[in-house]
Amino acid sequence: MESSCRNAIKERVLKDMLGSIKGSRWKVLILDDVTTKVLSSSMRMSDIQEHNVSLVESIGKVREPLPLTAVYFLQPTEENIERIISDFDPSPIYHSCHIFFSSHVKSKHVEMIQQCDMLVDKLRTLKETNLEFMLVDSRTVMTDQPDALVRLMGANAEERSRKDDVNIMVSRLATLFSTLSEYPVIRYRQGRIPQPSDPPGAAGRSTLAERVCQGLLEKLKSYQKSGVVPSKPTCDVLVLDRSFDPLAPVIHEWTYEAMVYDLLKMEGNMFKYQAVTGENKTVDRESVLDESDPLWLELRHTFIAEVYQSLAKHFQEAQAKNKKATGNKSEMSMAAIRSLITALPQFRDILSRLSLHIQISSDIKLVSNQRSLTDVGELEQDLVLGEKNSKDLISFLADPSHQLAPEDCMRLFMCYLATHPEKMDPDKRQQWQTLAKLSPRDMDTVFNLGYLGVQVMKLANKPEKGGLFGKKDKRKTVFTRQRKEGWDEESGYALFRIEPLLKDLVTDLVRGRLDADEYPYVEPPPA
């Protein structure tokens, strides 16, 4: 997907958009917040500059008149179109303009443009580029809706206003398939039948995945008619909401990238840290962790114990290039790395990256030790695998040698409750809150697992097996796990025993083993 996704975005922007503008030497590129994220997630400024873009500006800021061609790459919102019009009415601030919308533009917005004579006179291109998703890495994209979980899965999930969130999601997903020139067979996880004991909004949550799929199919059908996507299916898509596996974001993950984002100070893909210089001064530094870093590529999905081993091996190989560089120092330390960089300037870039990852791994180890995360992680996995129970959890929390952060106590509770449903009552809730020194708001967060289909509290009157309206519900609400295939007590790591359910689902999808009742098609594939 690395070449197909990133390169497809670059081709759409650099060739189909900027490359299509002829007869203009220098251009100013004007973006909004969303399209800025689209471009910054997939290419460098130098890529854009190579196509004669001398300046990149924000549509939301006051801009000076320039004798240049303006290229607008914007969402087709009324606010953005009003701003474009204001650039040309009453007098133009650019020599000419090309407008590229990131998704489908409504007729009423096209009419707004047509009513501005000066804009029409200067307009050279008006086109939909269908590019409104962000690239996280070579295998991951997002629609950039950070609050969608609360709005779509929370207590107000049935409000009509939530329709806007679904529409944005559908529109941006559709531009992904347009960019990749793919037409998917779409499946989704059948929603759980609402129960009387469910938190508010259950009906809206139960149909969320289906609504997204229906909207996506409708959008892609319209693309199909205009020849934007293929006429026949080319791939498979499985749409899930967070309730299919509420454990995955809660349980501590022990691979390198996950721990970096979970435990360290990150802003996007920027790692901020303090380093000691050769003059023994402490300075603030920041480094980007992305796929341009070979070590990050090599290690990011690796179990943390193996990361330490790999870094030690890289360090020893660097030492072997100059055995005198560190004198008698053989330990993997920042001082030893600085000595190596001084002795081997031709390997400065490689050694600097090694130094960065030694720093990161050291910080991870420090935080893990401070928070007793190895013990926490082993207990989490024991609870999830059914090898320990509430007595073990209470004993662990009562042990004064464990100085646990509130969030780690909350995650332990959530791991237990997701795999041991209907075990909680108001008295026990208060006892656990007191034992873990949590606030009432912390416990509310723990109990919000109910919005993801976990039956946290004991039920006074259990519903009939048929559920509401006499329908039988096949959805499971106990999120237990099996041991990872091939894991054994002697050779396996205690913190690397389980895997997210998503892996099994994708494997079953690829092998044609997904149950069609539980994961129905929006539109059955052609025979």
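Computed over heavy atoms, backbone and side chain alike; hydrogens, waters and symmetry mates excluded.
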Mind listing the closest non-hydrogen atom pair of [X] and [Y] along with its distance?
| X | Y | result |
| --- | --- | --- |
| Leu495 | Gln381 | O-NE2, 2.8 Å |
| Glu128 | Ser103 | CG-O, 3.9 Å |
| Glu132 | Ser171 | OE2-OG, 4.3 Å |
| Lys219 | Ala174 | CG-CB, 3.3 Å |
| Arg205 | Asp241 | O-OD2, 4.1 Å |
| Asp16 | Phe100 | O-CE2, 4.3 Å |

Worked verdict on Ile30 versus Val71 for side chain to side chain contact (heavy atoms under 4.5 Å, CB included): CA-CA 6 Å; Ile30 302 158; Val71 181; over 6 Å; no
[X] side chain near [Y] side chain, heavy-atom distance below 4.5 Å:
| X | Y | answer |
| --- | --- | --- |
| Met169 | Leu152 | yes |
| Arg192 | Asp198 | yes |
| Leu379 | Lys388 | yes |
| Val166 | Leu208 | yes |
| Gln433 | Asp442 | no |
| Leu385 | Ile498 | yes |
| Arg300 | Glu291 | yes |
| Val446 | Val456 | no |

CG/Asp33: more than 12 non-hydrogen atoms of other groups inside 6.0 Å: no
Option among Val34, Thr36, Asp32, Leu39 that satisfies the side-chain contact (heavy atoms from CB on, under 4.5 Å) test with Phe73: Leu39
Option passing side-chain contact (heavy atoms from CB on, under 4.5 Å) with Val38 (candidates Leu131, Leu135, Thr175): Leu131
Is the closest basic N to carboxylate O distance between [X] and [Y] below 4.0 Å?
| X | Y | value |
| --- | --- | --- |
| Arg411 | Glu407 | no |
| Arg44 | Glu50 | no |
| Asp444 | Arg429 | yes |

Criterion side chain to side chain contact (heavy atoms under 4.5 Å, CB included) on Ser368 and Met259, from CA distance to verdict: CA-CA 10 Å; Ser368 297; Met259 296 189 77; 3.8 Å; yes
Whether Phe303 and Phe496 hold their rings parallel, tilted or perpendicular, with breakpoints at 30° and 60°: parallel
Checking [X] side chain against [Y] main chain: does a donor-acceptor pair fall under 3.5 Å?
| X | Y | value |
| --- | --- | --- |
| Thr35 | Leu31 | no |
| Thr255 | His301 | no |
| Thr143 | Arg172 | no |
| Thr419 | Cys415 | yes |
| Arg497 | Glu378 | yes |

Full working for side-chain hydrogen bond (donor to acceptor under 3.5 Å, both in side chains) between Thr507 and Asp504: CA-CA 5 Å; Thr507 300; Asp504 293 335; 5.4 Å; no
What's the spacing between [X] [atom1] and [Y] [atom2] if we round to 0.5 Å?
| X | Y | atom1 | atom2 | value |
| --- | --- | --- | --- | --- |
| Lys365 | Leu373 | NZ | CG | 14.0 Å |
| Glu286 | Leu356 | CD | CG | 12.0 Å |
| Leu417 | Leu247 | CG | CG | 10.0 Å |
| Phe396 | Asp382 | CZ | CG | 10.5 Å |

Aromatic centroids of Trp432 and Tyr416 separated by under 6.0 Å: yes
Ring centers of Tyr493, Trp254 separated by less than 6.0 Å: no
Working for side-chain hydrogen bond (donor to acceptor under 3.5 Å, both in side chains), residues Thr77 and Glu79: CA-CA 5 Å; Thr77 65; Glu79 183 180 19; 5.2 Å; no
Side chain to side chain contact (heavy atoms under 4.5 Å, CB included) between Val260 and Trp296, intermediate numbers included: CA-CA 11 Å; Val260 166; Trp296 178 248; 4.1 Å; yes
Derivation of the side chain to side chain contact (heavy atoms under 4.5 Å, CB included) call for Arg371 and Leu404: CA-CA 6 Å; Arg371 289 167 52 179; Leu404 304 184; over 6 Å; no
side-chain hydrogen bond (donor to acceptor under 3.5 Å, both in side chains) between His252 and Asp408, intermediate numbers included: CA-CA 9 Å; His252 284 88; Asp408 296 324; 3.0 Å; yes
Is there a donor in the side chain of [X] and an acceptor in the side chain of [Y], or the other way round, less than 3.5 Å apart?
| X | Y | value |
| --- | --- | --- |
| Gln274 | Asp284 | yes |
| Asp137 | Thr140 | yes |
| Gln359 | Asp363 | yes |

Among His357, Glu298, Gln309, Arg353, side-chain hydrogen bond (donor to acceptor under 3.5 Å, both in side chains) partner for His314: Glu298
Test: Lys265 cationic atom under 6.0 Å from Phe271 six-membered ring centre, within 45° of axis: no
